[in-house]
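The structure under discussion appears below in the form of structure tokens.
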Amino acid sequence: MTPPREALLAFLFSALGLVASAGATGPLRPLEPLLSAHTRLMVFSPHPDDETLAAGGLIQRVLGLRGAVKVVFMTSGDGFPEGVEKQNRIARPRAEDYRNYGKLRKKEARRALRVLGMKREDVIFLNFPDGGLRNLLGKHWLDRTPYFRSPFTLQDRPELDEGALLANIEFTGEDVKREVEKLLVDFRPNLIVVPDSRDRHADHCSTYFFVFASLNEFRKKHPTVDPEILTYLVHFRQWPVGSGAGTGSHLNPPEGFAAGGADWLSLSLSEAELANKRKSLLEYQTQMLVMSRYLMSFARANELFLANQEENDEAREQAKAKCLSLIR
């Protein structure tokens, strides 16, 4: 269907505005042409809230176009000492406190995603260890004992959730890869959104490498399916906290971030999409207690993603080594 003239003009002016606002970082490409009713979007989120911070608008847009969306949480966010201490007003949390905190964060995530239009069955929790994904990517890759044990929950395997994917899953890298590959096989996404390999949080960059490894296996078995990959940043220095946080101002790429030849794509949000994104973020009350200004700094007039990231094996291994060296 041909779009109305007013909508077409608005889109063109929006795209021109993106190019003008990019400044020294180079032009931003509009993301809109990649999206349609045929979009099958899979968003990988290291913790509850990352999906809304990075892609709350994108999720709404795809659903609004009658596309399909799955959101996959790698962890339940149960390994956050400062959050548990503030939530429970205690100085020395026990393993039970961390486990209950993870359950609360999952409830928040389901409420937040309901605001964005998601159905419960399209929200998946893998329940791998918060703060421990780099350990599974490195020292605990092989599926053999001893499995990694979370220093917070004291568990060495995911809690069984409704709709558990595979049996006999422990805290190992191979099991993460197996579960992600099953998700890819079952859903067959044509657009994948995942944290960037250069994100400064170890759970975030580790998520990228798990998805990359699973996608390699998936492509070998299903060569006719080749999804588009977009990456996003959440942790990079103090970005994007600044004078425009929470006001709906434009989000620009962070200064000092080496995109490595990748293109920045921007999705302009409507007023309704931005309002829903703010409302969704406010469902994360456990996180608002600790970092409300930071969370709301992502409530901007657009969302940013990186595309066409062509890394050779050497560059990817260097990025992986840097990720594994991060403490958290």
Side-chain angles (χ1 to χ4, degrees), residues 11-35 41 43-47 49-61 191-209 211-212 228-270 273-274 277-278 281 291 293-311 315-316 318-319 322-323 326:
F11 171 77
L12 290 174
F13 282 125
S14 171
L16 290 171
L18 291 176
V19 172
S21 69
T25 61
L28 304 179
R29 288 170 43 203
L31 176 58
E32 286 85 346
L34 288 179
L35 309 177
L41 169 66
V43 178
F44 286 92
S45 181
H47 316 100
D49 73 14
D50 292 316
E51 82 299 335
T52 302
L53 294 174
L58 176 59
I59 290 168
Q60 293 179 75
R61 183 67 56 84
L191 180 61
I192 294 175
V193 169
V194 64
D196 196 83
S197 64
R198 293 155 293 187
D199 191 292
R200 297 290 176 83
H201 191 300
D203 282 342
H204 284 241
C205 55
S206 295
T207 295
Y208 168 84
F209 289 106
V211 174
F212 177 80
E228 180 86 20
I229 311 298
L230 301 181
T231 66
Y232 63 83
L233 277 178
V234 170
H235 300 277
F236 186 80
R237 298 175 182 170
Q238 299 304 309
W239 181 85
V241 176
S243 58
T247 66
S249 63
H250 198 82
L251 183 64
N252 290 313
E255 294 184 8
F257 179 80
D263 295 331
W264 283 102
L265 275 67
S266 179
L267 177 70
S268 296
L269 306 189
S270 69
E273 288 168 340
L274 179 54
K277 179 167 181 169
R278 288 195 183 107
L281 287 172
M291 56 180 91
R293 182 166 177 258
Y294 177 67
L295 294 186
M296 297 311 294
S297 69
F298 286 86
R300 306 287 184 118
N302 65 310
E303 292 173 342
L304 289 177
F305 303 91
L306 283 154
N308 297 333
Q309 187 173 337
E310 296 294 337
E311 287 183 325
R316 187 171 286 108
Q318 288 176 353
K322 188 172 291 186
C323 178
L326 295 172

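Being a predicted model, the structure only gives us computed values, none of them experimental. Just so you know, residue 1 is the first one in the sequence shown, and it goes up from there.
- Using a 30° and 60° split on the angle between ring planes, H204 and H235 fall in the perpendicular class, above 60°.
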ask   = Would L267 and N302 satisfy side-chain contact (heavy atoms from CB on, under 4.5 Å), going step by step from the backbone distance to the final call?
value = CA-CA 5 Å; L267 177 70; N302 65 310; 5.9 Å; no
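- At least one side-chain heavy atom of Y232 sits under 4.5 Å from a side-chain heavy atom of D50.
- Rounding to the nearest 0.5 angstrom, the gap separating the CG atom in L34 from the CZ atom in F305 is 10.5 Å.
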ask   = Run the side-chain contact (heavy atoms from CB on, under 4.5 Å) check on Y208 and D199 step by step: do they pass?
value = CA-CA 9 Å; Y208 168 84; D199 191 292; over 6 Å; no
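- A distance-only check finds no donor-acceptor pair linking the side chain of R198 to the backbone of F236 [under 3.5 Å].
- Closest non-hydrogen pair, S266 versus L304, comes out as CB-CD2, 3.9 Å.
- Judged by distance alone, the side chain of K277 and the main-chain N or O of F298 form a donor-acceptor pair under 3.5 Å.
- Put simply, the side chain of S206 does not reach to within 4.5 Å of the side chain of L326, judged on heavy atoms.
- Nearest heavy-atom pair, W264 versus A259, reported as atom, atom and distance to 0.1 Å: NE1-CB, 4.0 Å.
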task = Run the numbers on L58 and L35 for side-chain contact (heavy atoms from CB on, under 4.5 Å), then give the verdict.
result = CA-CA 9 Å; L58 176 59; L35 309 177; 3.7 Å; yes
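- With hydrogens and angles ignored, the 3.5 Å screen pairs a side-chain donor or acceptor of R300 with a backbone N or O of P240.
- From M291, atom CE reaches atom OG of S297 across 11.0 Å, with rounding to the nearest 0.5 Å.
- Across every non-hydrogen atom of G57 and L269, the tightest pair is CA-CD2, 3.7 Å.
- Nearest heavy-atom pair, S197 versus A319, reported as atom, atom and distance to 0.1 Å: OG-CB, 4.2 Å.
- One distance of note links CG of L306 with CG of L233; it measures 6.0 Å at 0.5 Å rounding.
- Rounded to the nearest 0.5 Å, atoms CG (L191) and CG (L31) are 7.5 Å apart.
- A donor-acceptor contact shorter than 3.5 Å is absent between the side chain of E273 and the backbone of Q60.
- Although no hydrogens or angles enter the test, the distance criterion places a donor-acceptor pair under 3.5 Å between the side chain of E51 and the main chain of D49.
- Shortest non-hydrogen contact noted between L295 and L281 is O-CD1, 3.6 Å.
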ask   = Does the pair H201 and V234 meet the rule for a side-chain contact (heavy atoms from CB on, under 4.5 Å), with working shown?
value = CA-CA 8 Å; H201 191 300; V234 170; over 6 Å; no
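- Here the CH2 atom belonging to W239 is positioned 5.0 Å from the CG atom belonging to L251, to the nearest 0.5 angstrom.
- Rounding to the nearest 0.5 Å gives a distance of 9.0 Å between CG of L265 and CD of E32.
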